[in-house]
Amino acid sequence: MSRSNFLFTSESVSEGHPDKVADRISDTVVDLFLSKDPYARVACETLTTTNLVVLAGEIRGQGIMDVDGQWAPGVQDEIEAAVRAAVRDIGYEQSGFHWNKFEFINRLHGQSADIAVGVDAAGNKDEGAGDQGIMFGYASNETPELMPATLQYSHNILKRLAEVRHGGDKRLEPDAKSQVTIQYEDGVPVRATSIVLSTQHAPGLSSADVAEIVKPHILAVLPEGFTDESTVWHINPTGIFEIGGPDGDAGVTGRKIIVD
């Protein structure tokens, strides 16, 4: 029997989370290749760590790489420029991870002929997907975005803080994670019982300082009256969070797809 009264929690990560930096870079490479060849084949995995970005995977496309695995002129330079621009747009200009200073290693190579046989349409054979996966989901009327409230509010918190940071607030740095727990009554979200936010910040700030900065922005993206005196707040609960992003923890493509 389903329960109608319960607590539910979801989390989100910011654009500066190391795994999301890797996702962004992989997306950037896909976009670049599709701009050159709408039928390009791209499987780009990214690793990020302290002042290092590594690309690996299999590719194929006209104007990108020929059948012998040779790069088209200038494409490798375009890839590096696009990757650095993506990291710059996120906002990384730190000693441990800087868009213009990290080492860049490109190990993308031509698609395996064995894989190509499986994914290319030929004769009466349909074109294959090249990989397998099962996902399910449904729309929810809990939010205007038609997403579950816990997840959408977790997203909205980090979106708002990114806007504040890009707007010039230098006290906040790119890496962050949010978590919202909501009480449901009769299947309807009624209040936030706890809110967790961990955000990278400029040197010299305490957890109390960070809380003073971010709490007004968090409250602004939640429904009016959604928090009360019994809501539990955890703002940077582990303390100082100055070292973050790929410098603080390695990131890889695809590890945060559940957040999406």
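In this text the structure is predicted, and so the values were computed from the model without any measurement.
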Please answer whether the main-chain N or O of P174 pairs with a side-chain N or O of S14 as donor and acceptor at a distance below 3.5 Å.
yes
Tell me the side-chain hydrogen bond (donor to acceptor under 3.5 Å, both in side chains) pairs involving residues 199-216, sequence neighbours left out?
Q94-Q200, S206-D209
Please enumerate all residues that pass salt bridge (charged side-chain N to carboxylate O under 4.0 Å, His left out) together with D27, with sequence neighbours excluded.
none
Point-to-point distance, once rounded to the nearest 0.5 Å, from CD1 of I195 to CD1 of I182:
8.5 Å
Listing request: all salt bridge (charged side-chain N to carboxylate O under 4.0 Å, His left out) pairs with a residue in residues 87-107, at least two apart in sequence or in separate chains.
R24-D89
Can you get from I64 to V29 by hopping between Ile, Leu, Val, Met, Phe, Trp and Tyr side chains that sit under 4.5 Å apart?
yes
Would you say L52 and W99 are hydrophobically clustered, going by side-chain heavy atoms of ILVMFWY under 4.5 Å?
no
Residues passing the salt bridge (charged side-chain N to carboxylate O under 4.0 Å, His left out) test with R255, sequence neighbours excluded, are D19
Does anything in residues 216-240 form a salt bridge (charged side-chain N to carboxylate O under 4.0 Å, His left out)? List the pairs, not counting sequence neighbours.
R191-D228
Minimum heavy-atom separation for S26 and T46, please, with both atom names.
OG-OG1, 2.9 Å
Establish, from distance only, whether the side-chain atoms of Y153 and E142 form a donor-acceptor pair under 3.5 Å.
no
Among residues at least two apart in sequence or on other chains, which ones pass salt bridge (charged side-chain N to carboxylate O under 4.0 Å, His left out) with R160?
none
Would you say the ring centers of Y92 and F102 fall short of 6.0 Å from each other?
no
Do F226 and V221 touch side chain to side chain, with heavy atoms closer than 4.5 Å?
no
